[in-house]
Amino acid sequence: MALVTGGSRGIGAAVAIRLTTAGADVVLTYQHSADQAENVVTEIKAAGRRGLAVQADSGDTTAVVAAVERAVAEFGRLDVLVNNAGAWHYGSFDETSLAEFDRLMAVNVRGPFVAAQVAARHMSGGGRIINIGSCAAERAAVPGLALYATSKAALDGLSRTLGRELGPRGITVNTVHPGPIDTELNPADGPAGDTNRQFVALGRYGQAVDVAATVAHLAGEGGRYITGAGLAVDGGFAA
Ligand code: NDP
């Protein structure tokens, strides 16, 4: 069974569907989009797997713990955790408030930290934890990303240290770093589209399914000997 945070839309929804086609039952969390989360669950069930949507703000520690525990209680096991839910921030370093800092770090770092902590207690050998980082953690292409990039770099640090700490238990931990991916967060035809494209070696946005394919690789047989790694799915953004 796989738990995908932020599975109602975008990359998380694509990951949930992709893991389903690989044979997994999937629990997904969402913050606001109950209808879209239920649509993804309907797709999971149409593929012959079990699915469940749970409302859980990743910035709310109690809700995160409850979501992981509910997933385990309902499905009896937990094999894969995908920490995908993430908040975005763009703005000058000088004007970033402490409230913005605390909120972003709560969603992008504390939530994944706590989810991994609780999930790992329920995982046996072969467990997989996959964090969705960002190419912004690896390359500061434009100013204005100090807070967002800091949060995603922290997630990368978490993956590397957990890869080492959980390795003896047979649990792998990795980060997938997407480049510009066409979602509601970062639409290819949005205001940042042309700026982003000029940094991408392939010259175009990626699709959510491109990230989902790498997540599925890490979650499956191909990921057995990969841990503590950061994998870019960015069309060459960080090249
Ligand atoms: P979207 O905004 O398209 O979708 C975000 C998903 O996460 C939704 O399902 C949303 O739920 C959920 N979510 C957001 N905040 C929370 C929260 N506090 N608690 C629970 N769920 C939440 O984003 P993307 O699919 O584009 O991004 C997914 C991940 O990939 C993020 O971590 C992002 O930082 C990262 N990323 C994206 C890139 C891109 O270009 N798109 C590039 C690099 C990294 P709801 O529908 O209820 O709001």
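Residue indices begin at 1 and follow the sequence shown. The structure displayed is predicted, hence computed values, not measured ones. In listed order, ligands and their atoms are each counted from 1. Atoms considered below: every heavy atom in the structure, side chains included; atoms not considered: hydrogens, waters and symmetry mates.
Side-chain contact, R9 with T183: no donor N or O sits under 3.5 Å from an acceptor N or O. Between the side chains of E69 and H122, at least one donor-acceptor pair of N or O atoms lies under 3.5 Å. A side-chain donor from one of T175 and S159 sits under 3.5 Å from a side-chain acceptor of the other.
Ligand 1 has no N or O atom lying under 3.5 Å from any N or O atom of Y30, backbone or side chain. Residue I11 places at least one N or O, backbone or side chain, under 3.5 Å from an N or O of ligand 1. Residue G6 has at least one N or O atom closer than 3.5 Å to an N or O atom of ligand 1. On a distance-only criterion, S8 and ligand 1 share at least one N/O pair closer than 3.5 Å. Checked against a 3.5 angstrom limit, the closest N/O atoms of I181 and ligand 1 fall inside it.
Tested against H177 for a side chain to side chain donor-acceptor pair (under 3.5 Å), the candidates T214, D234, D156 yield a single pass: D156.
In this structure, the protein non-hydrogen atom closest to atom 44 (C) of ligand 1 is G133 O, 3.2 Å. Considering only non-hydrogen protein atoms, atom 13 (N) of ligand 1 sits nearest to A85 CB, 4.0 Å. Protein heavy atom in closest approach to atom 48 (O) of ligand 1: R9 NH2, 2.9 Å. Atom 43 (C) of ligand 1 has its closest protein heavy atom at P178 O, 3.4 Å. In this structure, the protein non-hydrogen atom closest to atom 14 (C) of ligand 1 is G86 O, 3.8 Å. Residue, atom and distance of the protein heavy atom nearest to atom 23 (O) of ligand 1 are L185 CB, 3.5 Å. Closest to atom 38 (C) of ligand 1 among all protein heavy atoms lies G179 O, 4.0 Å. Nearest non-hydrogen protein atom to atom 47 (O) of ligand 1 is H32 N, 2.5 Å.
Residues L231 and I226 have side chains in contact (heavy-atom distance under 4.5 Å, counting atoms from C-beta outward). When side chains are defined from C-beta on, I17 counts as touching V40, because their heavy atoms get closer than 4.5 Å. Side-chain contact between H89 and T96 is present, with heavy atoms from C-beta onward closer than 4.5 Å. Counting heavy atoms from C-beta on, the side chains of V41 and L28 come closer than 4.5 Å.
For the atom pair N39 CG and E43 CD, the distance stands at 8.0 Å (nearest 0.5 Å). Distance check, rounded to the nearest 0.5 Å: OG1 of T227 to CG of L162 gives 9.0 Å.
By the criterion of a heavy-atom distance under 4.0 Å, neither the backbone nor the side chain of Q36 is placed next to ligand 1. Contacts of N84 with ligand 1, taken as heavy-atom pairs under 4.0 Å, involve both backbone and side chain. Within the 4.0 Å heavy-atom criterion, both parts of D57, backbone and side chain, lie near ligand 1. Within the 4.0 Å heavy-atom criterion, neither part of W88 lies near ligand 1.
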Inset, instruction - Give the intermediate values and the outcome of side-chain contact (heavy atoms from CB on, under 4.5 Å) for residues F237 and E138. - result: CA-CA 9 Å; F237 188 100; E138 302 188 308; over 6 Å; no
Inset, instruction - Could you walk me through whether Y148 and N108 pass side-chain contact (heavy atoms from CB on, under 4.5 Å), step by step? - result: CA-CA 9 Å; Y148 182 72; N108 290 6; 4.1 Å; yes
Legend entry - Chi angles and distances behind the side-chain contact (heavy atoms from CB on, under 4.5 Å) call for Y205, N186: CA-CA 9 Å; Y205 268 54; N186 186 7; 2.8 Å; yes
Legend entry - Test side-chain contact (heavy atoms from CB on, under 4.5 Å) applied to L218 and T172, step by step: CA-CA 9 Å; L218 289 170; T172 68; over 6 Å; no
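V72 and V4 fall into different hydrophobic clusters, where Ile, Leu, Val, Met, Phe, Trp and Tyr are joined by side-chain heavy atoms under 4.5 Å apart, directly or via other members. When hydrophobic clusters are built by joining Ile, Leu, Val, Met, Phe, Trp and Tyr residues whose side-chain heavy atoms come closer than 4.5 Å, directly or via intermediates, V68 is grouped together with V173.
The shell of residues lying under 4.0 angstrom from ligand 1, judged by heavy atoms, excludes A87. Not a single heavy atom of H177 lies less than 4.0 angstrom from ligand 1. Ligand 1 lies nowhere less than 4.0 angstrom from a heavy atom belonging to A208. Under a 4.0 Å heavy-atom criterion, C135 is not in contact with ligand 1.
Atom numbering of ligand 1 starts at 1 in the shown order; those under 4.0 Å from a heavy atom of I132 are 29 (C), 30 (O), 35 (C). Shown in contact with P180 at under 4.0 Å from a heavy atom are these atoms of ligand 1, numbered in order with element: 40 (O). Taking a cut-off of under 4.0 Å to the non-hydrogen atoms of R103, the atoms of ligand 1 that pass are 18 (N). Residue A56 approaches ligand 1 through these ligand atoms, each under 4.0 Å from one of its heavy atoms: 19 (N), 20 (C). Atoms of ligand 1 lying under 4.0 Å from at least one heavy atom of Y148, given by number and element, are 33 (C), 34 (O), 35 (C), 36 (N), 43 (C), 44 (C). Ligand-side atoms of ligand 1 in range of S58: 17 (C), 18 (N), 19 (N), 20 (C), range being under 4.0 angstrom from any heavy atom. Using a 4.0 Å cut-off to heavy atoms of T183, the atoms of ligand 1 that qualify are 3 (O), 24 (P), 25 (O), 26 (O), 41 (N). The distance from ligand 1 to the heavy atoms of G10 drops below 4.0 Å at these ligand atoms: 3 (O), 25 (O).
A cation-pi arrangement, defined by a distance under 6.0 Å to the six-membered ring centre and an angle within 45 degrees of its axis, is present between R50 and F75.
When the heavy atoms of Q55, K152, Q31, H89 are ranked by distance to atom 15 (N) of ligand 1, first place goes to Q31. By heavy-atom distance, the residue among A16, S33, G7 lying nearest atom 45 (P) of ligand 1 is S33.
Under 4.0 Å is where a charged nitrogen must lie from a carboxylate oxygen, and between R103 and D57 at least one such pair does.
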